[in-house]
Amino acid sequence: MNTPLTIKETQDGLKSKKFSAVELVDTYLAQIKKYNSDYNVFLTVTEEEAYKKAKELDKVGLYTSPLSGVVTAYKDIFMTKDVRTTAGSKILDSYIPQYSATTVRKINNAGGIMIGKVNCDAFAHGASGENSDFGPTKNPWNSEYVPGGSSSGSAASVSSNMSLVSLGSDTGGSTRQPANFCNLVGLKPTYGAISRYGVIAMSSSLDTVGTFTHTVDDMEIMYDVLRGEDGFDGNVKNFNNVEIKKKLKLGIAKEYFNEGLNPEVEKMIDEVKKIYEKIGVEVVEISLPHTKYMVPVYYIIQPAEVSSNLGRFDGIRYGNDRASFGEEAKRRIMLGSYVLSAGYYDAYYEKAMKVRTKIIEDYTNAFSEVDGIISPVSPTPGFKIGENANDPLKMYLEDVYTTSANIAGIPSLAVPSSFSKNGLPMGFQVMGPRFSEHQLFNLGKLYHKEIDYKPKVAI
Amino acid sequence: MAKLTKKDVLHVAELSNLTLSDAEIKKFTPQLDKIIDFVAKLSEVDTEGVAPTSQTTGLTNVTREDVVISENGLNQDEALSGTDGHNGYFKVPAILSKRT
């Protein structure tokens with residue numbers, strides 16, 4: 001059978017009895033068996049659970065829940081009751097959670113089928129997947145390249161047809177950048193839109209639950225299932241959908257175009273601008289003056305919060321002891337301890353929190369003029385495995401376009417656009433004011449409709 | 001900013017409850033120095049009179065009713081399931097040593 005690439009195709013096929021949910025699971029499992037050893041995507045395959053759920057769905061035979069039959073992979077930082085959850089780290093190599101994340105529960109209740117747990121940079125620290133203690137995941141579009149990170153397996157799984165959708169996390173770009181490198185739609189929601197209960201914490205003022213899909217329509221379905229208060233994450237609030245405007249105005253910040261931006265990516269952004277103008281969306285130049293301070297602010301606040309969140313791993317209640325931390329986790333814990341330590345707190349941490357305020361003001365000003373901001377996701381169309389491995393600072397600079405949405409707490413949708421001359425996927429992101437996700441979906445759909453976008457898998 | 005030294009690295013490793021090998025100290029010292037030097041460029045930004053932001057929701061004092069919901073908690077076996085445990089307790093490293 002041809003594996004369906006959208007939720008609608010999946011459910012139409014199930015309802016018309018073209019295939020059963022069990023046959024769908026067969027297909028995804030066959031793909032995993034065929035390719036997982038080449039690409040190192042899944043850390044745990046939940047074959048038994050997947051068949052059990054599929055049989056339940058087939059027994060009822062209606063497939064009317066929003067995610068009926070949607071085969072889902074979870075980044076291995078999502079707690080899954082009775083299923084090993086490692087966070088990509090040897091510290092948790094045999095950890096079995098006693099409860100599931102709210103998002104896992106919501107997807108299950110909406111008819112979704114868990115197919116397994118996927119690889120990631122350990123504790124979500126990284127932009128390439130290479131920091132996983134279980135080895136790097138390879139990009140299904142070109143196995144010499146990284147799939148992006150830290151949600152490396154989540155992106156590789158969907159782009160290689162090992163699952164229809166997946167969940168990841170986005171603390172500084174960890175969903176949007178791998179989506180961009182793997183030809184997928186990726187969403188970093190508004191801070192506080194989706195519960196993080198049961199997601200192993202990295203940086204609590206920046207962490208969000210990310211989603212990977214092939215189309216913007218599917219992203220909207222996933223988002224509407226996942227969002228909303230659960231009573232367990234005090235940062236989450238319910239909100240009303242924004243009104244979808246007819247007349248839209250987008251901004252592109254002049255600060256994005258500097259020497260670090262690859263010319264092919266720059267040209268692609270210009271083409272995206274032209275597409276929007278063609279369909280009657282006004283695109284204007286704006287200024288986000290603190291753009292060059294995004295990475296420094298991020299690499300103070302984030303390690304500070306990492307050092308606190310990883311303090312709980314003491315090997316007493318669960319997991320192995322702290323000697324099992326990988327190199328990147330150690331670097332970030334120490335950086336965090338440094339910027340929080342006596343004598344340095346004011347100069348680094350306090351300073352970063354103040355610059356964060358100024359960055360938020362930049363966005364508030366921008367959104368008084370425009371409905372959304374178009375930006376590159378990554379400065380390049382991808383990099384090879386090993387290319388940045390020995391220079392952590394160089395790797396951190398990969399986050400230059402993505403950290404801002406986390407710092408400001410705003411949503412951003414990564415949208416695939418085209419391929420580079422080397423055949424690597426490229427795309428852009430569109431950021432909006434807090435809780436404007438549906439407006440971003442509208443913008444993504446308008447763009448894909450105009451370019452007649454068709455989802456594609458790598459293998 | 002002064003250069004990060006081996007002594008600084010050992011100090012933050014201690015604060016972080018991490019034990020580093022000599023090879024790690026050698027590797028991390030220049031790497032952390034370079035990163036600290038990079039993030040220090042925030043000192044250029046004028047933040048006089050700017051209030052710090054620690055979270056972006058605008059929510060304050062989110063609380064729940066002070067009632068026990070037993071299905072939201074773990075029972076003793078569940079709580080201990082990640083360790084070997086000892087007679088229903090967690091085993092912790094000794095913090096007191098014999099007087100010498």
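It should be emphasised that the depicted structure is a prediction, and the values quoted were computed from it without experimental measurement. Throughout, a chain's letter reflects where its sequence line sits, starting with A, and its residues are numbered from 1.
For B:Glu14, the CD atom counts as loosely surrounded, since its 6.0 Å shell holds 12 or fewer non-hydrogen atoms of other residues, nucleotides or ligands. Around atom CG of B:Asp22, no more than 12 heavy atoms belonging to other residues, nucleotides or ligands sit under 6.0 Å away.
Across A:Glu305, A:His290, A:Lys292, A:Glu327, the residue that shares the most heavy-atom pairs under 4.5 angstrom with chain B is A:Glu327. Of all the listed residues (B:Asn17, B:Val92, B:Val62, B:Thr19), the one sharing the greatest number of non-hydrogen pairs under 4.5 Å with chain A is B:Asn17. The greatest number of non-hydrogen atom pairs below 4.5 Å with chain A, out of B:Leu20, B:Ile35, B:Asp8, is found for B:Ile35. Interface check for chain B: of the options A:Val236, A:Thr190, A:Leu335, the most heavy-atom pairs under 4.5 Å are formed by A:Leu335.
You'll find the side chain of A:Leu397 reaches within 4.5 Å of the side chain of B:Phe38, heavy atoms only. Side-chain contact check for B:Thr57 versus A:Lys237: every heavy-atom pair is 4.5 Å or farther apart. Proximity of A:Ile333 to B:Leu18: side-chain heavy atoms (C-beta onward) are separated by under 4.5 Å at one or more points. Counting heavy atoms from C-beta on, the side chains of A:Gln98 and B:Ser81 come closer than 4.5 Å. Side-chain contact between B:Glu44 and A:Tyr293 is present, with at least one heavy-atom pair separated by less than 4.5 Å. B:Leu15 places none of its side-chain heavy atoms less than 4.5 Å from the side chain of A:Tyr338.
Taken from CZ in B:Phe28 to NZ in A:Lys330, the straight-line distance is 6.0 Å, to the nearest 0.5 Å. Atoms OG1 and CE, from B:Thr47 and A:Met353 in turn, are 11.5 Å apart once rounded to the nearest 0.5 Å. Here the CE atom belonging to A:Met334 is positioned 7.5 Å from the CD atom belonging to B:Glu24, to the nearest 0.5 angstrom.
B:Arg64 places no side-chain N or O within 3.5 Å of a backbone atom of A:Phe232 that could act as its donor or acceptor partner. Looking at A:Arg331, its side chain never comes within 3.5 Å of a backbone N or O of B:Leu32 through a donor-acceptor pair. The main-chain N or O of B:Gly49 is never found under 3.5 Å from a side-chain atom of A:Lys354 such that the two would form a donor-acceptor pair. Listed for the A:Thr357 side chain is a donor-acceptor partner under 3.5 Å among the backbone atoms of B:Ala51.
In this structure, the portions of B:Val39 lying under 4.5 Å from any heavy atom of chain A include both its backbone and its side chain. In this structure, chain B has a heavy atom under 4.5 Å from the side chain of A:Ile360, while its backbone stays farther away. Only the backbone of A:Ala408 comes within contact range of chain B, with at least one heavy atom under 4.5 Å from a heavy atom of that chain. Heavy atoms of A:Asp321 lying under 4.5 Å from chain B are absent altogether. Of the two parts of B:Lys91, only the backbone, made up of N, CA, C and O, holds a non-hydrogen atom closer than 4.5 Å to a non-hydrogen atom of chain A. Only the side chain of B:Gln31 comes within contact range of chain A, judged by heavy atoms closer than 4.5 Å. Both the backbone and the side chain of B:Leu42 come within contact range of chain A, judged by heavy atoms closer than 4.5 Å. Residue contact with chain B, scored on non-hydrogen atoms closer than 4.5 Å, involves the backbone of A:Asn390 exclusively. Residue B:Leu80 does not touch chain A at all, counting heavy-atom pairs closer than 4.5 Å. Proximity to chain B (any heavy atom under 4.5 Å) is shown, for A:Tyr299, by both the backbone and the side chain. With a threshold of 4.5 angstrom between heavy atoms, B:Ser43 approaches chain A through N, CA, C or O but not through any side-chain atom.
Looking at every heavy atom in both residues, A:Arg322 comes nearest to B:Ser16 through NH2-O, 2.9 Å. Nearest approach of A:Arg356 to B:Ser54, heavy atoms of both residues: NH1-O, 3.8 Å. The minimum heavy-atom distance linking A:Pro296 with B:Lys41 is given by the pair CG-CE, 3.9 Å.
B:Gln55 and A:Tyr191 are not linked by any side-chain donor-acceptor pair at a separation below 3.5 angstrom, with hydrogens and angles left out of the test.
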Run the side-chain contact (heavy atoms from CB on, under 4.5 Å) test on A:Tyr344 and B:Ile36 for me, step by step, so that the C-alpha distance in whole Å, both residues' side-chain angles and the decisive distance to 0.1 Å come before the verdict. CA-CA 11 Å; A:Tyr344 298 107; B:Ile36 292 289; over 6 Å; no
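For the pair A:Lys358 and B:Asp46, the salt-bridge criterion is not met [side-chain N within less than 4.0 Å of a carboxylate O].
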